[in-house]
Amino acid sequence: ARQLPTTTPVSAVMSPDVVTLSNRDDIGAACNVVAARGVRRIPLVDADHRIVGVATHQDLLRVLADATRNGSDLGRTHRPRARRHRAGAA
């Protein structure tokens, strides 16, 4: 990793193309986004598009592992309603 001065703007290292999911989407949708996009974190937004949390790939693995261990069916996965956002876009 390159060494940057601590005065470097965070915009220089951020991911400008962010995919979000609704906090009402299911675990299958989040797993699909992680697999398709290769992301480790997914911001979760409410109906007003405000960030209300973050789902990590570790969160999803933990839930899937627990469900597998317990023989639980998490339901069918479906195509997520992921939303793409560009930095600076409203």
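What you see is a predicted model, and the numbers here were worked out from it, not measured in a lab.
Applying the salt bridge (charged side-chain N to carboxylate O under 4.0 Å, His left out) test to pairs two or more places apart or on separate chains, those with a residue in residues 51-64 are D59-R62.
With contacts defined as side-chain heavy-atom distances shorter than 4.5 Å, the pair V18/T20 qualifies. Contact annotation: the side chain of I51 never approaches that of L44 to less than 4.5 Å [non-hydrogen atoms, C-beta and beyond]. Taking 4.5 Å as the limit, some side-chain heavy atom of L60 sits within range of a side-chain heavy atom of I27.
Other members of the cluster containing L4 are V10, V13, with ILVMFWY side chains joined at under 4.5 Å, either directly or via other members.
Taking T68 as the reference, nothing meets the side chain to side chain contact (heavy atoms under 4.5 Å, CB included) condition, with sequence neighbours excluded. In this structure, the side chain to side chain contact (heavy atoms under 4.5 Å, CB included) partners of D46, at least two apart in sequence or on a different chain, are N23, D48, R50, V52. Scanning for side chain to side chain contact (heavy atoms under 4.5 Å, CB included) contacts around R40 gives H57, with sequence neighbours left out. Under the side chain to side chain contact (heavy atoms under 4.5 Å, CB included) criterion, S11 pairs with P9, M14, not counting sequence neighbours.
Considering all non-hydrogen atoms of both residues, L64 and C31 come closest at CD1-SG, 3.5 Å. Among all heavy-atom pairs drawn from D25 and A29, the shortest one is CB-CB, 4.1 Å.
When each of V19, N32, I42 is paired with R37, the side chain to side chain contact (heavy atoms under 4.5 Å, CB included) condition holds for V19 and for no other.
The main-chain N or O of R24 is found under 3.5 Å from a side-chain atom of S22 such that the two form a donor-acceptor pair.
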